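Here's the structure we're looking at; comments come further down.
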Amino acid sequence: MEALDNKCPSCGATIKFSPKEQKWTCEYCGSKFTLEEMQQHKNASSKEVNDIKVEKKDVVLETADVYRCKGCGAEIIADANTTATFCVYCGNTAILREKIQNSRVPDLIIPFKKVKADATVAFEKLVKHRPLVPKSFKSKNNIEKITGIYIPFWAYDFDVSGTAEFRGTDIQTWSDFRNRYTKTDRFSVVCDGTMHYDKVLADGSSRFPDDLMDSLEPFEYKDLVVYNHAFLSGFLSEKYDVLEDDAELRAKTRTEKTSLSLLQENVKHQQSTLLKHNLSINKHHSNYILLPVFMVNIKYHDKMYTFAMNGQTGKIVGDLPLGIKETVFWSAIIFLSCFVVCILLYLGGII
Amino acid sequence: MKKIRYFLLTVILFVFCIIPVYASTNTFTRTEDNLLISSDITVTSQNLDNILNTPAIDASEKIYDFADLLTPSEEEEIYQQVNQFINKTNFDLAIVTINDNNKLSAMEYADDFYDYNDFGTDAEYSGILFLIDMDTREIYMSTTGKAIAMYSDSRIDMTLDAIYQEFSERHYMQGITKFVTIIENYDTMGLPSNKDSKYAISDTGEIYREFPWLIVLGAPLAITIIVIGIMIHKNKLVRVATSSREYLDKDSLKMRVVSDRLISTNTVAVPLSTSSSSGGGGSSHHSGSSGRSHGGGGHRF
């Protein structure tokens with residue numbers, strides 16, 4: 001099988017997508033091309049490659065396939081879900097053509113806007129104001145690897161309609177010279193409504209934790225463009241392995257929750273609780289989207305910590321480790337300073 | 001013969017009168033014609049018995065040891081201390097011990113004893129009576145006039161709590177001495193304030209500000225736990241998404257309230273509590289049989 005690379009139309013070297021300029025920039029001859037310009041030449045962006053679309057052909061087989069690098073001829077080994085990778089020998093971009101063509105082609109993509117250096121800065125900023133993170137963890141030397149990956153997401157358009165019944169409660173208290181009165185009124189409130197949700201995301205890759213991918217939201221949809229293979233050049237890319245229908249439940253659950261809380265906002269009583277509802281959530285349309293993510297691997301005390309940065313907005317997420325020394329230190333500082341304040345209050349006769 | 005008989009009777013009566021004067025406490029006899037009470041007290045059918053059953057004594061003696069709990073030298077020592085207290089505080093002070101209580105309670109005995117004898121330093125009869133009632137085994141402190149405000153309920157409770165054990169252990173002298181020391185120290189502190197609760201009484205009767213260990217250690221501990229909790233929470237950035245609100249097409253949103261029905265209503269009335277005494281500054285008071293107002297409190301021993 002052959003890997004599909006992206007050739008510079010002017011010098012023939014491998015050309016990569018530059019997030020900074022939102023153009024394809026050749027590192028060798030310095031030429032820059034827009035998508036339209038690239039498409040006029042025979043490369044990964046051209047129509048004939050991108051037009052082959054396989055609708056809903058779900059292949060979820062975990063087999064490692066061997067590809068031949070276009071640059072040096074070395075073998076590239078990639079598992080079933082990798083669609084774009086690098087040649088370990090020459091660093092050449094390899095877009096795995098068969099992988100893409102044998103399954104559903106992504107509908108839309110948000111190209112990378114951030115570069116690796118942004119991820120380093122974002123990581124340093126993240127740990128800067130968190131005093132409980134171990135000091136040695138904060139060093140950027142721990143950053144083992146920053147990888148830009150296009151991660152597959154499913155995006156569902158939902159039409160929601162239905163009614164919900166809520167229990168509303170109003171409590172009034174007042175008192176006269178003899179008694180304190182508490183009046184409790186209960187109401188049955190029925191609300192109905194219709195609403196539409198546009199591209200509710202659900203992680204389409206089982207390799208990346210769902211909660212980590214959720215935490216990367218929001219992505220700004222104004223940058224969504226029609227998918228083209230050429231965007232993958234210079235980055236890794238994954239193919240979905242969670243089927244469209246399987247990921248839908250996660251998106252539906254959060255949509256239902258939001259819809260019910262929207263309806264609940266109509267209940268004009270002091271307290272309200274949901275009694276029952278008959279919301280119908282209909283998938284109106286779905287999109288297979290690739291979203292840009294930088295995976296930042298931090299090696300600390302022989303353990304890998306994974307952080308992810310939104311490749312569009314720069315939002316970085318991940319669970320930070322807790323330093324025992326730092327926790328004890330800050331606990332002592334806070335306790336002692338409060339203790340001193342209490343002593344001063346005591347000496348001042350306030351307590 | 002008749003003259004001799006009268007003479008003997010006179011001598012016997014005289015001896016009977018003399019003996020109590022030096023052996024214990026000098027009492028006078030009240031009769032319905034001569035009640036030996038202050039002119040401002042209205043005698044009614046209700047309080048006549050109370051008056052007649054209250055010993056009439058010389059109000060300048062201050063120590064009335066009917067129960068004979070003290071030796072003469074102890075009495076003398078306490079008398080000195082009481083005098084010093086009266087001079088310093090402008091409150092009167094009487095210490096009474098009894099074996100038999102012919103009244104309904106220690107409170108009634110103490111109030112009557114104070115009212116139907118000539119106690120009190122000013123127009124309000126300000127002063128304190130401390131009764132050791134061996135009959136009901138209770139120590140009782142009765143306050144009158146300005147002393148009611150000075151010795152709030154909580155001060156009286158604190159005082160009696162600090163001394164009652166001395167009486168359980170029959171250390172009457174120590175108990176009384178400590179009592180006088182404490183009430184004198186309270187007078188030095190001034191009128192009660194809400195800061196009273198921060199004070200405690202030492203073994204020697206000194207009133208000192210208690211170090212608020214609970215607050216001084218507890219509050220910083222609670223703050224530390226909360227702040228560190230927030231800081232730990234801030235280290236956790238990965239959360240499952242539970243909302244789709246950012247994907248909502250706001251123009252598509254159509255909602256309405258179909259119905260809003262009242263299904264039940266219910267009103268509960270709770271009577272307000274009517275206690276008048278509270279916390280550090282409050283002094284509850286009551287009226288004795290004489291009609292005068294008293295404060296006070298007792299403690300079993």
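Keep in mind that this is a model prediction, so the values were computed, not measured.
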Considering only heavy atoms, which portion of A/Glu256 lies under 4.5 Å from any heavy atom of chain B: side chain, backbone, both, or neither? neither
Whatever's closer than 4.5 Å to a heavy atom in chain B on A/Asp170 counts as neither
Is the terminal nitrogen or CZ of B/Arg209 (NZ for Lys, CZ for Arg) located under 6.0 angstrom from the six-membered ring centre of A/Tyr346 and within 45° of that ring's axis? yes
Greatest number of heavy atom pairs closer than 4.5 Å to chain A - which of B/Asn235, B/Thr267, B/Val268: B/Asn235
Just wondering, do B/Val257 and A/Val189 contact through their side chains at under 4.5 Å, heavy atoms? yes
Interatomic distance, B/Ser244 atom OG to A/Asp198 atom CG [nearest 0.5 angstrom]: 11.5 Å
Most heavy-atom pairs under 4.5 Å with chain A, out of B/Ile215, B/Val227, B/Ile232, belong to B/Ile232
Going by atom types alone, do B/Glu246 and A/Tyr197 pair a side-chain donor with an acceptor below 3.5 Å? no
Write down the atom of B/Ile228, the atom of A/Leu132, and the distance for their closest heavy-atom approach. O-CD1, 4.2 Å
Chain B contact via A/His269 - side chain, backbone, both or neither, heavy atoms under 4.5 Å: side chain
Side chains of B/Thr265 and A/Asp185: any donor to acceptor distance under 3.5 Å? yes
Between A/Arg254 and B/Thr242, is there a donor-acceptor pair closer than 3.5 Å when you use the side chain of the first and the backbone of the second? no
Given that the side chain runs from C-beta out, which part of A/Arg178 has a heavy atom under 4.5 Å from chain B: side chain, backbone, both or neither? backbone
Evaluation steps, salt bridge (charged side-chain N to carboxylate O under 4.0 Å, His left out), between A/Glu165 and B/Arg261: CA-CA 11 Å; A/Glu165 189 186 346; B/Arg261 286 180 299 118; 5.1 Å; no
Could you tell me whether A/Asp214 and B/Arg239 have a side-chain N and a carboxylate O separated by less than 4.0 Å? no
Which atom of B/Leu217 lies closest to which atom of A/Phe335, heavy atoms considered: O-CE1, 3.7 Å
In terms of heavy-atom contacts, A/Ser331 and B/Thr224 come closest through O-CG2, 3.5 Å
Does any backbone or side-chain atom of A/Ile333 lie under 4.5 Å from a heavy atom of chain B? Answer side chain, backbone, both or neither. neither
Heavy-atom proximity to chain B below 4.5 Å, by part of A/Ser261: both
Write down the atom of A/Pro131, the atom of B/Met231, and the distance for their closest heavy-atom approach. CG-CE, 2.9 Å
Contact between A/Leu345 and B/Val216 at the side-chain level, heavy atoms closer than 4.5 Å - yes or no? no
Between A/Ala308 and chain B, with a heavy-atom cut-off of 4.5 Å, which part of the residue counts as in contact: side chain, backbone, both or neither? neither
Show, in sequence, the C-alpha distance, side-chain angles and deciding distance for A/Leu263 and B/Met255, and conclude whether the side chain to side chain contact (heavy atoms under 4.5 Å, CB included) test is met. CA-CA 7 Å; A/Leu263 285 172; B/Met255 294 190 293; 3.7 Å; yes
Step by step, work out the side chain to side chain contact (heavy atoms under 4.5 Å, CB included) result for A/Thr258 and B/Leu248. CA-CA 9 Å; A/Thr258 302; B/Leu248 175 74; 5.8 Å; no
Let me know if B/Ile225 has heavy atoms under 4.5 Å from chain A in its side chain, its backbone, both or neither. neither
Heavy-atom side-chain contact between A/Tyr221 and B/Tyr247 under 4.5 Å: yes
Part of A/Phe307 lying under 4.5 Å from any heavy atom of chain B: neither
Sort out for me which residue in B/Leu237, B/Val238, B/Val240 forms a side chain to side chain contact (heavy atoms under 4.5 Å, CB included) with A/Leu212. B/Val238
Looking at NZ of B/Lys236 and OG of A/Ser215, how far apart are the two atoms once the value is rounded to the nearest 0.5 Å? 8.0 Å
With a 4.5 angstrom heavy-atom cut-off, is it the side chain or the backbone of A/Pro209 that approaches chain B, or both, or neither? neither
Segment of A/Thr327 engaging chain B (4.5 angstrom heavy-atom cut-off): both
Contact origin within A/Asn266 toward chain B - heavy atom pairs under 4.5 Å: both
Determine whether more than 12 heavy atoms belonging to other residues, nucleotides or ligands lie under 6.0 Å from atom CG of B/Leu214. no
Which atoms of A/Leu262 approach chain B - backbone, side chain, both or neither, heavy atom under 4.5 Å: both
Checked A/Asp176, A/Thr173, A/Val160, A/Thr182 vs chain B; the most non-hydrogen pairs under 4.5 Å come from A/Thr182
Any side-chain heavy atom of B/Ser243 sitting closer than 4.5 Å to one from A/Lys257? no
Distance (rounded to the nearest 0.5 Å) between A/Cys342 SG and B/Trp213 CH2: 12.0 Å
Rounded at 0.5 Å granularity, tell me how far CG in A/Asp157 sits from CG in B/Asp249. 9.5 Å
Output the distance between atom NE2 (A/His129) and atom NZ (B/Lys234), rounded to the nearest 0.5 Å. 8.5 Å
